Amino acid sequence: MAVLGDCKPERVFHYFEEICKIPHPSYHEEKISAYLVDFAKAHNLEYYTDDLYNVIMIKEASEGMEDKSPIILQGHMDMVAEQEADCTKDMLTEGLDLEIVDGFVTAKGTTLGGDDGIAVAMALAILEDDELRHPRIEVIITVSEEVGMEGAAGIDVSMLKGRKLLNLDSEEEGHFLAGCAGGCRMDVEYPFKKESMKGALVVVDVQNCTGGHSGSEIDKGRANATYVANRVLSAGLEVGEICLVDYVGGSKDNAIPRSTTAKVIASADVVAAMSEEAKAIKNEYAITDPDMEIKISNEGNVVIDAVNAADSKRIIELLNCMPNGIQAMSHDIEGLVETSLNLGILNLLEDEIKFSCSLRSSVDTAKAALKRKVSMVAKAFGCKVSIHGDYPAWEYKRESEFRDELVKIYTDMNGEAPVIETIHAGVECGLLASKLPGLDAVSIGPEMYDIHTPKERLSIASTERVYDYVRKVIESMN
């Protein structure tokens, strides 16, 4: 029996549950893309796909609506695959275990992928609905949004006629997004050679940080587990030598790391200094990360391959010098983060350490300056730097006919106007606007909380209200 079988709207949650059965982390969208193509074929829709696995589906206007403006519905099919430390699910091959808790849909031990599976589910329910009076509907479902909007960057949209786009990738009902930050991913690599060493093997294990989305929740002041671990190591480095054996943290550049583990060869004096620093850090983050654990354990004497003391020192100092978190607040919009950086992924490999950062800014020149700063710091330490998935900011339009239409419909339905805002997180509207001259776009969505973490949850009641609103928008197109 379907877990979401009693949830309303029935067809939206039917498709959402079907989507959750299909593994679809970023860079692994082949199966979900094929599912969408099969849907298009089964419903006799015009469709397009490409080598990236993006999918576009088109449904011609219903009778009497042919002269109305086409509308574009847009979302992405990939999800951030995060899971609790004790969860054994293989998110590349297994579907999610859904459950309903206090009016919310969530997944046991993993992220839910409501960001942005609910957009896909809404679009499919709209496309199959033959009772809905609608203009031409054009649906864009992209891949790899969560890792730099690579699907939107590579998609061909030349067949589309619409210039009014409703993006369904927001997480706060009643808040209409009309602009967002641009961003990119920066990869930094420091080479070394391991050698056989003898000494006490010490494990620094940071677990259960709150984590969260590196855009929408970067302003919460939450601990980055990798920076916490490196700060512990830095305190030890002031007392004596440290040789890195292993160092790994985070799994997504756009998720604030919740756990990081470092294995080192170190003396008792170094361990004592690290332990004192760990206590201070726990106290500092008692409010934002109450469940954070910093465990430092001595595994006994070993003979093991490790990074020499000089290279280990440079790696720890490099990470200590790297910027992280909020870099600037907006001068135009009170309370809005303008520029930020998140160190999301760290891996000590056989002959190099590699880490990836997510950079964001609503000001392109500020983003360029931060890229330059990261590059300069990295190169000063002898690192190789590369930039991926660079996407532009979506600039706020002071005049927007489509936004005005959406606001009127929302106000008529709810008795109050929505909040119009721009955000620090990224959505694909800016990239699509660069491909569709004259595009007028707004982003909306149902209530979701703690996205990009295993605590992610989607409001059932909010989903129903937002879906009813989307249907009304489509029926009311001028």
Side-chain angles (χ1 to χ4, degrees), residues 69 71-76 116 119 138 140 142 145-146 148-155 157-158 160 162-172 174-186 213-216 218-219 254 326-342 358-372 387-407 410 417-445 473:
S69 299
I71 185 169
I72 303 171
L73 302 180
Q74 195 264 319
H76 60 88
D116 195 25
E138 302 172 334
I140 305 172
T142 56
E145 188 271 351
E146 299 288 7
M149 304 192 185
E150 296 175 14
I155 196 170
V157 292
S158 60
L160 300 185
R163 291 300 182 269
K164 295 180 178 181
L165 184 145
L166 190 59
N167 172 281
L168 300 170
D169 191 18
S170 294
E171 295 90 34
E172 192 169 4
H175 287 240
F176 287 13
L177 302 187
C180 74
C184 68
R185 187 183 85 239
M186 295 188 73
H213 189 291
S214 69
S216 59
I218 200 73
D219 63 334
N254 60 356
I326 295 173
Q327 303 298 299
M329 300 297 292
S330 172
H331 298 295
D332 298 317
I333 302 174
E334 185 177 354
L336 177 69
V337 178
E338 176 207 276
T339 305
S340 75
L341 180 144
N342 175 64
S358 175
L359 282 68
R360 302 176 190 268
S361 183
S362 54
V363 179
D364 286 339
T365 52
K367 183 180 74 174
L370 183 55
K371 287 194 291 186
R372 187 162 53 246
I387 299 174
H388 310 273
D390 205 333
Y391 60 92
W394 170 28
E395 294 186 6
Y396 174 79
K397 281 187 175 183
R398 291 187 175 88
E399 302 293 331
S400 167
E401 178 184 342
F402 185 44
R403 187 173 68 233
D404 291 344
E405 294 173 9
L406 295 177
V407 168
Y410 184 91
V419 176
I420 307 298
E421 62 185 6
T422 63
I423 60 167
H424 189 57
V427 292
E428 296 161 296
C429 299
L431 273 170
L432 295 172
S434 70
K435 297 169 180 279
L436 294 167
L439 186 71
D440 205 349
V442 173
S443 179
I444 68 169
V473 168

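Every value quoted in this text rests on a predicted model; they were computed, and no experiment measured them. Atom set for the values below is all heavy atoms of this structure, side chains included, hydrogens, waters and symmetry mates excluded.
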Between [X] and [Y], is there a donor-acceptor pair closer than 3.5 Å when you use the side chain of the first and the backbone of the second?
{"X": "Asp169", "Y": "Val427", "result": "no"}
{"X": "Glu138", "Y": "Gly162", "result": "yes"}
{"X": "Lys435", "Y": "Ala153", "result": "yes"}
{"X": "Lys371", "Y": "Leu359", "result": "no"}
{"X": "Arg163", "Y": "Asp440", "result": "no"}

Check side chain to side chain donor-acceptor pair (under 3.5 Å) between Ser170 and all other residues, then give those that pass, not counting sequence neighbours.
Ser443
Contacts of type side chain to side chain donor-acceptor pair (under 3.5 Å), residue Glu171, not counting sequence neighbours
none
Taking atom types as modelled, is there a side-chain donor on Asn342 or Ser358 under 3.5 Å from an acceptor on the other?
no
Examine the side chains of Asn167 and Glu428 and answer whether a donor and an acceptor come within less than 3.5 Å of each other.
no
What residues, two or more places apart in sequence or in another chain, satisfy ring-ring contact (aromatic ring centres under 6.0 Å, His included) together with His213?
His452
What distance do [X] atom [atom1] and [Y] atom [atom2] have between them, rounded to the nearest 0.5 Å?
{"X": "Tyr391", "Y": "Leu432", "atom1": "OH", "atom2": "CG", "result": "13.0 Å"}
{"X": "Leu439", "Y": "Leu165", "atom1": "CG", "atom2": "CG", "result": "5.0 Å"}
{"X": "Ser340", "Y": "His424", "atom1": "OG", "atom2": "NE2", "result": "2.5 Å"}
{"X": "Thr422", "Y": "Glu395", "atom1": "OG1", "atom2": "CD", "result": "11.5 Å"}
{"X": "His76", "Y": "Met149", "atom1": "NE2", "atom2": "CE", "result": "8.0 Å"}
{"X": "Glu145", "Y": "Asn254", "atom1": "CD", "atom2": "CG", "result": "8.0 Å"}

More than 12 heavy atoms of other groups within 6.0 Å of Glu405 CD
yes
Those residues that, when tested against Arg403, pass salt bridge (Lys or Arg N to Asp or Glu O under 4.0 Å) (two or more places apart)
none
Name all residues meeting the salt bridge (Lys or Arg N to Asp or Glu O under 4.0 Å) criterion together with Glu338; count only those two or more places apart in sequence or in a different chain, and write none if there are none.
none
Determine which pairs satisfy salt bridge (charged side-chain N to carboxylate O under 4.0 Å, His left out) with at least one residue from residues 417-426, sequence neighbours left out, and list them in order.
none
Option passing side-chain contact (heavy atoms from CB on, under 4.5 Å) with Ile326 (candidates Asp219, Leu341, Thr339):
Asp219
